[in-house]
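What follows is a short report on a single structure.
Source: prediction; values computed, not measured. Order of the sequence lines sets the chain letters (A, B, ...), proteins ahead of strands, with each chain counted from 1.
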Number of protein chains: 2
Amino acid sequence: MVQASHDSVLDHLGRRIAGGELAPGTVLTLADLEAEYGVSRTVVREAVRVLEAKAMLSSKRRVGITVSPMSRWSMLDPELIRWRLSSSARARQIVALTELRLAVEPIAARLAALRASEDQRAEIGRLADELRRLGAERRGDSQEYLAADIAFHDVLLRAGGNLMLTAIQSPIAEVITGRHTAGLTPADPVHQALHNHVEAAAAIVRGDAEAAEHHVRGYVEAILDEVRSVPE
Amino acid sequence: MVQASHDSVLDHLGRRIAGGELAPGTVLTLADLEAEYGVSRTVVREAVRVLEAKAMLSSKRRVGITVSPMSRWSMLDPELIRWRLSSSARARQIVALTELRLAVEPIAARLAALRASEDQRAEIGRLADELRRLGAERRGDSQEYLAADIAFHDVLLRAGGNLMLTAIQSPIAEVITGRHTAGLTPADPVHQALHNHVEAAAAIVRGDAEAAEHHVRGYVEAILDEVRSVPE
DNA sequence: TTGCCATATAGATCACACCATTGGCAAGAA
DNA sequence: TTCTTGCCAATGGTGTGATCTATATGGCAA
């Protein structure tokens with residue numbers, strides 16, 4: 001658990017940088033930040049250290065604290081992804097994240113088909129059934145559908161047994177939720193996408209790596225087409 | 001720039017956790033760490049904050065600082081990847097990282113074929129030529145080959161224009177270097193792998209996304225087979 | 001047995017002091 | 001004028017003591 005003061009300074013500063021308000025090259029000083037946030041040096045320093053660890057800032061004696069060029073940032077950092085999702089770069093970040101999903105999810109599905117435990121296979125099958133059922137009942141925009149959708153992707157990524165692939169679960173969940181909250185999920189799910197979910201689940205259950213990879217790629221490609229068509 | 005004291009404490013503590021010496025559930029206190037490393041609270045606190053940001057530690061009043069379960073860690077964090085590569089989990093980490101490459105590199109190649117700038121296409125072509133030349137001269141184990149190999153993957157990932165995909169460049173470079181340093185790269189490169197590099201480059205140069213993806217997948221699959229055969 | 005409360009504990013924050021580094025300026029040399 | 005040298009002041013880095021705050025825990029009472 002982290003405290004309010006540190007957390008809020010870190011979060012606010014992180015957002016300002018991620019959102020471009022503090023452009024790369026901008027120089028700050030500890031004294032400035034102390035005064036601005038009205039907190040002690042300790043708090044500011046610790047926040048700066050964390051942002052330094054994400055390669056968003058770099059501090060040098062006699063110079064100050066400089067905002068690093070975006071190309072250096074640890075873009076896979078979940079916190080940074082969240083900040084960018086809540087910034088004006090949101091649309092671009094969603095596309096980038098979906099491209100990452102297009103890379104990761106099919107491979108995770110392949111691994112899941114090979115390595116998932118019995119419990120995980122059962123869980124994936126169950127969740128796919130639920131998605132299908134809710135879809136058939138035209139409840140694709142319900143809370144239950146959202147929960148099942150998130151759980152489905154969560155198990156899928158975890159079942160692959162690769163913690164690095166699992167690591168993008170939380171940003172994915174956030175995007176799915178965001179899409180739902182924005183009212184973009186239709187009550188009547190797109191037939192092909194739902195079909196791919198169900199087929200992917202079936203393939204994982206029976207251990208068919210090729211099919212699992214193929215069907216997952218199918219639905220992520222559909223999502224990618226969709227998010228690319230959203231204007232920035 | 002970060003200072004010696006902070007850096008070394010962070011690095012050492014990070015390694016101990018990443019390497020499993022400090023198992024999840026282990027409870028530390030600031031006072032312990034202060035005494036152990038012989039530095040002030042400030043330094044320890046900042047190191048702990050950074051590890052907290054990577055979800056490797058969590059601190060709670062009246063309890064202390066607890067090592068978090070591995071499933072929570074930000075496994076895509078470059079620093080954490082480096083720590084794991086230098087721990088006893090090295091072999092497993094290399095396999096996991098190669099599975100990630102299998103996901104990411106083909107997609108990056110596809111995007112590169114679609115989006116690379118003229119300069120980047122030229123650079124990729126040039127690097128592939130150099131790899132082929134050095135390979136033909138049986139200099140696959142030379143420094144030049146290593147440098148060209150790293151540069152090739154670097155441009156490939158960057159040319160896709162997705163900063164999240166680019167972000168795994170440095171761990172990949174580290175693995176390639178590690179493989180080279182360990183003397184695992186033959187003077188006479190495996191023909192098929194080299195061929196796939198050259199074909200992938202040609203495909204990117206001419207903007208053929210399908211072929212680029214296919215050839216990159218080809219060589220990453222070969223690498224994956226290889227690293228999986230290494231005993232832990 | 002259950003629930004409340006006092007208390008000790010450990011992190012969170014603050015304020016201050018001093019150190020180490022170094023960018024930039026000024027003086028002097030070429 | 002241009003370059004070198006050396007000093008100075010600014011700024012982050014580290015250390016320390018004090019105080020605040022949340023909370024795990026044990027003891028007491030109902």
Could you pull out the protein-nucleic contacts involving nucleotides 14-17 of chain C (nitrogen or oxygen on both sides, under 3.5 Å)?
{"from": "C:dC14", "atom 1": "OP2", "to": "A:S40", "atom 2": "N", "distance (Å)": "2.7"}
{"from": "C:dC14", "atom 1": "OP2", "to": "A:S40", "atom 2": "OG", "distance (Å)": "2.8"}

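Side chains of B:E52 and B:S58: no donor on one and acceptor on the other come within 3.5 Å.
Residue pairs meeting the salt bridge (Lys or Arg N to Asp or Glu O under 4.0 Å) criterion with at least one member in residues 152-169 of chain A, sequence neighbours excluded: A:D154-A:R158.
Residue contacts for A:L28: at a heavy-atom cut-off of 4.0 Å it reaches the sugar-phosphate backbone alone, with no base atom in range.
In summary, B:E99 and A:R115 engage in a salt bridge, as defined by a charged side-chain N under 4.0 Å from a carboxylate O.
At C:dA12, one or more side-chain N or O atoms of B:R45 fall inside 4.0 Å of OP1 or OP2 (strictly under the cut-off). Checking the phosphate oxygens (OP1, OP2) of C:dA12, a side-chain nitrogen or oxygen of B:S59 falls inside 4.0 Å. A close approach under 4.0 Å does occur between a side-chain nitrogen or oxygen of A:K60 and OP1 or OP2 of C:dG23. Between A:R49 and D:dG13 there is a side-chain polar atom (N or O) within less than 4.0 angstrom of OP1 or OP2.
Between the CG atom of B:D7 and the C1' atom of C:dT21 there is a distance of 16 Å, given to the nearest Å. In this entry the distance linking CZ of B:R61 with P of D:dA22 reads 6 Å, nearest Å. Atom CD1 of A:I65 is separated from atom P of D:dT11 by 11 Å (rounded to the nearest Å). Taking atom CG on B:L30 and atom P on D:dT16, their separation rounds to 15 Å, with Å as the unit. The interatomic distance linking A:L33 (CG) with D:dT11 (C1') rounds to 13 Å, in whole Å.
For B:Y145, the ring pair (Phe, Tyr, Trp, His ring centres under 6.0 Å) criterion is met by no residue, not counting sequence neighbours. Every residue was checked against the ring pair (Phe, Tyr, Trp, His ring centres under 6.0 Å) condition with A:H180, not counting sequence neighbours, and none meets it. With sequence neighbours excluded, the residues that form a salt bridge (charged side-chain N to carboxylate O under 4.0 Å, His left out) with B:D11 are B:R15. Here B:D129 pairs with B:R132 under the salt bridge (charged side-chain N to carboxylate O under 4.0 Å, His left out) rule; sequence neighbours left out.
Checked against C:dA8, C:dT21, C:dT13, the side chain of A:H6 finds its nearest nucleotide in C:dT13. Closest to the side chain of A:R62, from the set D:dA24, C:dG24, D:dG12, is C:dG24.
The residue among A:E46 and A:V63 whose nearest nucleotide of DNA chain C lies closer to the 5′ end is A:E46.
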